[in-house]
Structures are given as structure tokens and as C-alpha cells.
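Convention: sequence-line order gives letters A, B, ...; per-chain numbering from 1. All values below come from the heavy atoms of this structure, side chains included, with hydrogens, waters and symmetry mates left out.
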Amino acid sequence: MRTAARFALSRRVSQMEPVITRFPPSPTGALHIGGARTALFNWLFARSLGGRFILRIEDTDVERSTQESVTAILDAMQWLDLNFDEGPYYQTSRLDIYRDYARKLKDSGHAYWCECSAEELEVRRNKAMAEGRKPKYDGACRSKGLCEGPNRVLRFYTPQSATTVLNDLIKGPIEFDNSELDDLVILKSDGFPTYNFAVVVDDITMGITHVIRGDDHVNNTPRQILIYRALGAKLPEFAHVPMIHGEDRSPLSKRHGATSVMEYEKMGFLPEALINCLVRLGWSHGDQEIFSRSELIEKFTLENVGKSPSIFTMERLLWLNAHYIKEKSPQELLAHLKPFLARRSYPEKSDDFLTGAIRTLQTRTHTLEEMAEAMAFYMEDAIRFEPEAATKFLTKDMGAVFLRLISELSELEAFDEASLEPVFRNTAKELEVKLGKIAQPVRVALTGGTKSPGLFEIMEVLGKEAVVERLQKGLEFILAA
RNA sequence: GUCCCCAUCGUCUAGCCCGGUCCAGGACAUCGGCCUUUCACGCCGACGACACCGGUUCAAAUCCGGUUGGGGACGCCA
């Protein structure tokens, strides 16, 4: 549903200073589907308005942050081609900045030191939950006038009266009663900033104009708004995008299968397919399903982002991937396919042979992995017949047909579809069998099975020598039967 | 428990702001048909939804209220 407020806000957007968006993953794992879509929306929004896109690594959780995760995230961003204009910035190298801002807050009377221990707090929280109360900090240290010291945290003085309104670009105005909020920690006892404080400081100092993020952050926003105000800083626009769920409507997680972006690369998906799939989760442009990158940049707007969560399934991704496989040139596909071929340790083949083979499989495969697998009969020198197929089609009465075909084909000059087809038609006519009757046996001899690309296209790719050889092997089977 | 958000075919969604053009459109999936040397592709068709209850109105998928359902948040995680 659209609201007047949304339009008013977004109209204002286009007339303001250049937009700056950011994607701030915490390096505690790979880049997953949900994160990738958030990154994509931020990237798209910035690109569509000629703005800047910043990558910021939120690594203040020293326990869980790893360099491997940073690398994995960077790789995934690169694979999806979500290039950033600044960064990656690391929060751990901006500690002085957070301390400065924390001091400002303390000096202006917006923060106070607290000596309550984590364990103690935990107990109080559980008790509150058990009694059916909202588990917020009780403000025990509010007026103790404590100084900085070991094991002490700095807390933000949250006003307990009035309300805070978040004018969300996607969800419209959302009002929070300040009494629902508590005095959140802004500096941990180890001196590191907490998330809610660090984002605000970063977004202020980096000049972020639009915060586009998952709507699991909606509840954090009023706290952040209060901090902006205490700091006397201008608010950015906020846009909270609905989350992506698994098929059981629970948040996407491991048990729903692949969640990390790079797993999809390994499964044989093209980045443009994933992008196209992700962008349509929560965003649409009329009835259009397929978008090129430039179309996305041209057409993306926050107004067309929906409010309700969506479920990620593979059906659509598979279809999109098949679409892009059909659309790409065999040469382009070959570049993407090579790693998959290598993994199967097929014999070496020329690029010409490979692109010829690819061309015949483009309408028949959904993923690069599938294609690499389907390529087997082209690649392996000795093909093995599927037992059922061989006994059904490589029958005695085919002996004469194979014999004839072998001699005719051996003498053929040009070995392409156009010259191959007449040979088969004539053979069928003269031996008084239907073309359909001889096609399957030949297919079995050539590919080992009963499903394949068109006979003549296969033969053209394989070449005369290989075709005749395979036909001969087929004949041997027939005679032995 | 408290607060916040959301609710159209199985799935992604259009329509909702500005009520009639919607006995709700598209796409994926599924099923059927056509094409055809197999399998695909392509084309054609079928199936299939406004969560529920009230209200406002001549008229509601669209506006209002409630119910139910789902999700999120409540950390010295981000």
C-alpha cells in the first residue's frame, strides 16, 4: 500500500544533495541471500540516482569476526558485481572516532557510566520476562554520577517521555513510545562501541543520506534517532525492506538449503540470474520479470518496494538461470563453464568443439553444473550404452541400417546438419523404415542414451570420425546381441 | 509477555495511496495440447488468490475497526 507520506518523502529525495548509501555486513559468516539483496537495493538506489555506495565492515564483535568472512563477503560482492565507491571501512580502525562521540554525549549530559554487571543484568532480564514485563534496563546507575572505570559501560540517557517517530520510506510513519526504550549501552566495558552507537556515528561521519536495511532493524531505529538528536546531527532517510524467509516462513537459514551467495556460484548459477531473482523479492516494476543491469538502474525506486516479507525458493532462480543460459553466447558460457568441466576431469577439447557442444545444450539445461554433466557424451571418448536403451533400440533389425549409414557417412564430404539430414532420409526411404524408427538407435549409439539434442547437430559437433566410430561400436553391439 | 511490522493464486507479484474500468492481471511451478527423430525450447490452454468478521458507501481487494495468522525486536550480537 502506498501512502501520501511515502511520495512526499521520496519526492524530496530527488532534489537533495547526492545520495550516499552503504552496506554494512558484520564479518561473522558468508554473504547470504538476505544480505545480498540489501546490498543490491543500496547499490541500485545509489546508482539510479548517481550517488555513492559505501562498504563498511562492522567488526566490533571481536569474538565472532573473522578475516575469512571479510574475504568471503568481498568475493561475493565482486561476483555479483556490486562495486562500491568507498571502503571497505573497518569499524575496528575507527575506535577513536566512537570514543570522541561518546565523550561528546557524556559531556552534554546524554550518557552516564554504569557499573551493573552483565550477569546481574541477565538475571533481571529473565525475571522481567518471566513476570511478563518488557525486559528493559531499570536505570539503576542513572543518577549515581559514576566516573569511567574498569568493568563499567557507558549508557545513553533515553528520555522516558514523549514519542519518537520514524518516517520510513517504505513503511510510512511508525511511532514509538519512548518509555518502551531503555538506556542502551553505547560503549562496552572493553571500550568498543555497540552496534546501535557505531552505526549512528559512522552514518553521520560518512554522510550517509539513505539507510536501506532489513526491517529487523525497525525497532533499533528509534534508539538511533534519539542518538542522532542528542548529537545534534541531521537524520538520514530510513527505508526498511521486508525480510526474506524460507519455505516454512521462518527466517532463511541453513536448514533451508543454500543460503550463501557463493554456494549458488558453485551450483552453476550465473550472477545475473541471482541478481534478477533477488531484485524481484520485494520489488517489482509492473509485469516485467527480466531486467538487465542498466534497466534495473534505470527503473529501481524505493516506492516500488513492497512491505510484506517474501519466501525465497529455487524455482524462479532455476528458470531465470535457464533463461540467461539460453540468451548468452556459447563463447561467453564457455568461460563460465570451464571450472565445472575441469572438476569433471574430462579429456581436453578445443574451444571450437566445446562451444559447438554448448550451443546444442543451451535450451536443455538450467545450470552450468547440469550442462557440464550433460556434456559427458561429447567429452568422453568411449561412451557406454545405458543397458535398457541398448537392448531396446540396438536390435538385430538395425544391422542393415547401421551398415548402410556407416558406409554413406564415411564418404560424406561436408559433415554438417544440412548434408547429414538427406543421408538419413534417403537411407530410411530405401530401406523402407521410418526416420523415427532409426533415430533412436542412432542416438543410443552416439550418446549412450535416449535423450539428447538433435541428431544432426550432435553429429556435426562430434565430426565424421567420431560418429563413424560410435556407429561401428553400435553395430558391434547389435551383431553380438 | 511487551512493543513494532505484515497479510492477493503453492511461490514471486500487479492492482491498494486517488473505491466502480477486477466475477482480480502477469510470471514461476504443476497439468493438458501443438510442434517434433528423443529430450528440451517455443507456442496455446487449464488449474489456482483478495485470511476472517464487522463498519462506511449506491458500490470495497482497495477506506475504517476488530479478530486470527505470520514475522520482527526486546544483549556489554550486529
Ignoring hydrogens and angles, are the base of B:G10 and the side chain of A:Glu247 linked by a donor-acceptor pair under 3.5 Å?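 Flag unset: no donor-acceptor pair detected.
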With RNA chain B as reference, determine whether A:Arg249 or A:Glu175 sits nearer its 5' end, using the nearest nucleotide of each. A:Glu175
Residue closer to the 5' end of RNA chain B, A:Leu317 versus A:Asp215 (nearest nucleotide): A:Leu317
Rounding to 0.5 Å, atoms CG (A:Asp138) and CZ (A:Arg125) come to a distance of 11.0 Å
Interface polar pairs with nucleotides 21-26 of chain B, N/O, under 3.5 angstrom:
{"unit_1": "B:G25", "atom_1": "N2", "unit_2": "A:Asp287", "atom_2": "OD1", "d": "2.9"}
{"unit_1": "B:G26", "atom_1": "N2", "unit_2": "A:Glu289", "atom_2": "OE2", "d": "3.0"}

Among B:C39, B:C6, B:G71, find the nucleotide with the atom closest to the side chain of A:Pro251. B:G71
Can you tell me the pairing partner of [N] across any strand shown, Watson-Crick or G-U wobble, with both distances under 3.5 angstrom?
N     : value
B:A49 : none
B:C74 : B:G1
B:A61 : none
B:U38 : none

All N/O donor-acceptor pairs, side-chain side in residues 148-157 of chain A, below 3.5 Å, sequence neighbours left out:
{"unit_1": "A:Arg152", "atom_1": "NH1", "unit_2": "A:Cys147", "atom_2": "O", "d": "2.8"}
{"unit_1": "A:Arg155", "atom_1": "NH1", "unit_2": "A:Asp183", "atom_2": "O", "d": "2.6"}
{"unit_1": "A:Tyr157", "atom_1": "OH", "unit_2": "A:Arg142", "atom_2": "O", "d": "3.3"}

Is the distance between the ring centroids of A:Phe84 and A:Phe23 less than 6.0 Å? no
With a 6.0 Å cut-off on ring centres, are A:Phe41 and A:Phe300 close enough? yes
Categorize [X] for me: base, sugar-phosphate, or nothing, with a 4.0 angstrom heavy-atom threshold over every strand shown.
X        : result
A:Phe456 : base
A:Ile174 : sugar-phosphate
A:Lys326 : sugar-phosphate
A:Ser310 : sugar-phosphate

[N] phosphate, OP1 or OP2, under 4.0 Å from [X] side-chain N/O:
X        : N     : answer
A:Ser452 : B:U38 : no
A:Lys171 : B:C5  : no
A:Lys451 : B:U37 : no

Under 4.0 Å between a side-chain nitrogen and a carboxylate oxygen: does that hold for [X] and [Y]?
X        : Y        : value
A:Arg94  : A:Asp100 : no
A:Glu457 : A:Arg359 : no
A:Glu370 : A:Arg364 : no

Could you measure between the two P atoms, the one in B:C64 and the one in B:U56, and give it in whole Å?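 My reading of the P atoms in B:C64 and B:U56 gives 15 Å.
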Using atom C1' in both nucleotides, what's the gap between B:A14 and B:C53 to the nearest angstrom?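 B:A14 and B:C53 have their C1' atoms separated by 27 Å.
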Using the ring-ring contact (aromatic ring centres under 6.0 Å, His included) criterion, which residues pair with A:Tyr195? Sequence neighbours excluded.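 Partners of A:Tyr195 by the ring-ring contact (aromatic ring centres under 6.0 Å, His included) criterion, ordered by chain and then number, come out as A:His217.
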Partner residues of A:Glu120 under the side chain to side chain contact (heavy atoms under 4.5 Å, CB included) criterion, sequence neighbours left out: A:Cys116, A:Ser117, A:Arg124
Within this structure, what is the [atom1]-to-[atom2] distance between [X] and [N], rounded to whole angstrom?
X        : N     : atom1 : atom2 : result
A:Asn276 : B:A27 : CG    : C1'   : 12 Å
A:Arg443 : B:U36 : CZ    : C1'   : 11 Å
A:Lys307 : B:U8  : NZ    : P     : 13 Å
A:Glu457 : B:A40 : CD    : P     : 15 Å
A:Phe424 : B:U38 : CZ    : C1'   : 13 Å

Classify every nucleotide of nucleotides 73-78 of chain B by which part a protein heavy atom approaches to under 4.0 Å, writing B for the base, S for the sugar-phosphate alone and - for neither, in 5'-to-3' order. SBSBBB
Going by the rule salt bridge (charged side-chain N to carboxylate O under 4.0 Å, His left out), which residues pair with A:Glu180 if we only count those two or more places apart in sequence or in a different chain? A:Lys134
